[in-house]
Amino acid sequence: MKYMFILLVTFKILKKLTKIQEAMGFQTSHATKRIAQPIFIAKEESSDANSTPIQRALSLNDNNITNANSISSCYDSWMAKHPSALHSFDTLMKAAIGKKIIVFLDYDGTLSPIVNDPDRAFMSDEMRAAVSEIASYFPTAIISGRSREKVKDFVKLNNLYYAGSHGMDIMAPPSMSVGSSNIEHCDMSNSINGNEVAFQPAKKFLPAIRELLRRLENEVKEIEGAKLEDNGFCISVHFRHVPEEDYGLLEEKVKCVLEMNPQFHLTEGIKVMEIRPSIEWNKGNAVEYFLDTLGLSSSSNILPVYIGDDRTDEDAFKVIRSRGQGYPIIVSSTPRETNAFYSLRDPSEVLIFLSRLAKWKKYSYSSRPLKLG
Ligand SMILES: O=P(O)(O)OC[C@H]1O[C@H](O[C@H]2O[C@H](CO)[C@@H](O)[C@H](O)[C@H]2O)[C@H](O)[C@@H](O)[C@@H]1O
């Protein structure tokens, strides 16, 4: 009996000790031989040196999860400042009643997801149908960094307006109200059925841009992965597929060509350097230009909606902000400094937003009593 009591006490003490060890961060093996080891040592033992590619991939995944978690908490506080345009949809539409909505859309990263090959940034049929429906209800314009022809080729819709080269190549209705300094840039000869005319404020730079492109082709052809894209009035230098160790060389070559052409300057986008003429014209000016030619510029009753993901879209957000009318909406799944009021995570949310906007308009038209029978 005495021995039984001693055994019981020993067992209880051992159990308590194990609990204390676990609380201190020691792992207890469930094998017959109980070995306790600190958790951090257990992690160090499976370090890179002896791990297989899959383990390394999995540990990268772990990192991603950790990052994703920290990004997600930042994202939540960012979202408090730039609420989801989907969650706020009813509020947005309440303020839109009786106003004329005009829709401006960026292309890459907004209507089509960002992909590795810029030539394959296709738009889904669903997105095309949604944009087409939107354009049937509201004046709609696509404002892209691509050349106007290229973006039109991707979108394949005729019921909306297009601006390429970050707004430096616009096809818009002819209007006499456009400021006289702008009229000189209108190319009446380049009109579509007399309904639209080309507005190209950087036209005089065209010969120099062609020459710049030729030089750049020569300079970067030996850099593996570097890709030039002719965007009409701008040139994109994609470095997505350039090995990191060649970044410096590519930058040096681009800067060298630019030094010989000081009338151009460099801006940055998503894994791309963009060369553009140094004129005071950007996507924001393009928004103002469209509003002007549509005869809506001085109306107090308009509501421009601009959706874009790129740094160059910030100029348009600023214009809408400063007008004090409308909704600048950024497409981003990570927190970013922005002039936009609202946000959407990615093109799939843009699709939902556009579909809801079209439905909202349709519903407001079809609010007549239903015909029965
Ligand atoms: O104003 P946007 O319509 O957003 O055009 C900006 C640039 O978009 C394209 O590049 C970006 O998308 C590519 C395809 O997803 C991607 O591969 C690239 O890394 C991105 O930077 C376009 O190719 C550029 O010329 C535009 O300037």
Side-chain angles (χ1 to χ4, degrees), residues 103-124 127-128 131 140-157 160-171 202 209 212-213 216-217 220 223 225-244 247 250-251 254 264-277 281-287 290 306-319 328-334 336 338-340 344 346-348 350 354:
V103 178
F104 296 101
L105 301 163
D106 165 53
Y107 183 73
D108 288 279
T110 298
L111 298 181
S112 73
I114 294 293
V115 292
N116 281 336
D117 182 355
D119 294 333
R120 302 191 61 79
F122 303 120
M123 187 174 161
S124 70
M127 184 67 96
R128 185 167 295 105
V131 174
T140 301
I142 309 248
I143 307 183
S144 170
R146 303 244 187 191
S147 76
R148 180 164 49 79
E149 292 78 13
K150 204 171 200 177
V151 74
K152 189 168 182 186
D153 212 43
F154 275 131
V155 177
K156 296 188 196 325
L157 292 171
L160 42 84
Y161 302 111
Y162 291 91
S165 309
H166 294 293
M168 280 182 264
D169 187 9
I170 304 181
M171 266 292 184
I209 293 170
L212 201 69
L213 186 61
L216 276 169
E217 273 164 357
V220 308
I223 300 183
K227 183 180 165 79
L228 297 179
E229 188 180 0
D230 178 359
N231 283 338
F233 292 88
C234 315
I235 300 167
S236 283
V237 185
H238 293 275
F239 59 87
R240 183 175 284 281
H241 301 290
V242 173
E244 239 172 85
Y247 282 0
L250 179 64
E251 236 170 35
V254 170
F264 294 93
H265 69 281
L266 206 59
T267 56
E268 295 88 32
I270 303 168
K271 304 232 164 147
V272 69
M273 289 184 271
E274 292 173 313
I275 296 168
R276 43 159 99 199
W281 196 269
N282 54 42
K283 288 188 176 186
N285 298 94
V287 166
F290 273 119
Y306 190 107
I307 312 181
D309 78 312
D310 215 351
R311 209 178 287 173
T312 57
D313 297 310
E314 292 294 331
D315 295 316
F317 296 156
K318 270 189 227 157
V319 163
I329 304 175
I330 187 168
V331 183
S332 181
S333 54
T334 52
R336 276 192 7 214
T338 181
N339 287 291
L344 290 167
D346 51 31
S348 72
V350 175
L354 294 178

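Note that ligands are numbered from 1 as they come in the structure, with each ligand's atoms numbered from 1 the same way.
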Judged on heavy-atom distance to atom 2 (P) of ligand 1, which of Asp106, Leu105, Asp313, Asp119 sits nearest?
Asp106
Could you go step by step and tell me if Val350 and Asp346 meet the side chain to side chain contact (heavy atoms under 4.5 Å, CB included) rule?
CA-CA 6 Å; Val350 175; Asp346 51 31; over 6 Å; no
Regarding ligand 1, does Asn231 bring an N or O atom to under 3.5 Å of one of the ligand's N or O atoms?
yes
Which option out of Glu268, Glu229, Arg146, Lys271 puts a heavy atom nearest to atom 25 (O) of ligand 1?
Glu229
So Glu274 and His166, side chain to side chain contact (heavy atoms under 4.5 Å, CB included) or not? Walk me through it.
CA-CA 10 Å; Glu274 292 173 313; His166 294 293; 3.1 Å; yes
At what distance is the nearest protein heavy atom to atom 8 (O) of ligand 1, and which residue and atom is it?
Asp108 OD2, 3.1 Å
Check the orientation of Tyr107 and Phe154. Use parallel for under 30°, tilted for 30 to 60°, and perpendicular for over 60°.
parallel
Any atoms of ligand 1 less than 4.0 Å from a non-hydrogen atom of Val272? List them with their elements.
21 (O)
If I apply the N/O under 3.5 Å rule, does Ile270 come out as touching ligand 1?
yes
Among protein heavy atoms, which sits nearest to atom 16 (C) of ligand 1, and what does the distance come to when rounded to 0.1 Å?
Val115 O, 3.3 Å
Test of proximity, Ile143 against ligand 1: N or O pairs below 3.5 Å
no
Give the atoms of ligand 1, by number and element, whose distance to some non-hydrogen atom of Glu274 is under 4.0 Å.
7 (C), 26 (C), 27 (O)
Could you tell me whether Arg148 and Asp153 have a side-chain N and a carboxylate O separated by less than 4.0 Å?
no
Salt-bridge criterion met for Lys150 and Glu229 (N-O under 4.0 Å)
yes
Polar contact flag for Gly269 and ligand 1 (N/O pairs, less than 3.5 Å):
no
Tyr107 heavy atoms, cut-off 4.0 Å: which ligand 1 atoms fall inside?
3 (O)
Looking only at N/O atoms, are Thr312 and ligand 1 under 3.5 Å apart anywhere?
no
Could you tell me the separation between the OG1 atom of Thr110 and the CD1 atom of Ile307, rounded to the nearest 0.5 Å?
7.5 Å
Per-atom contacts, ligand 1 versus Gly145 - under 4.0 Å to a heavy atom:
1 (O), 2 (P), 3 (O), 5 (O)
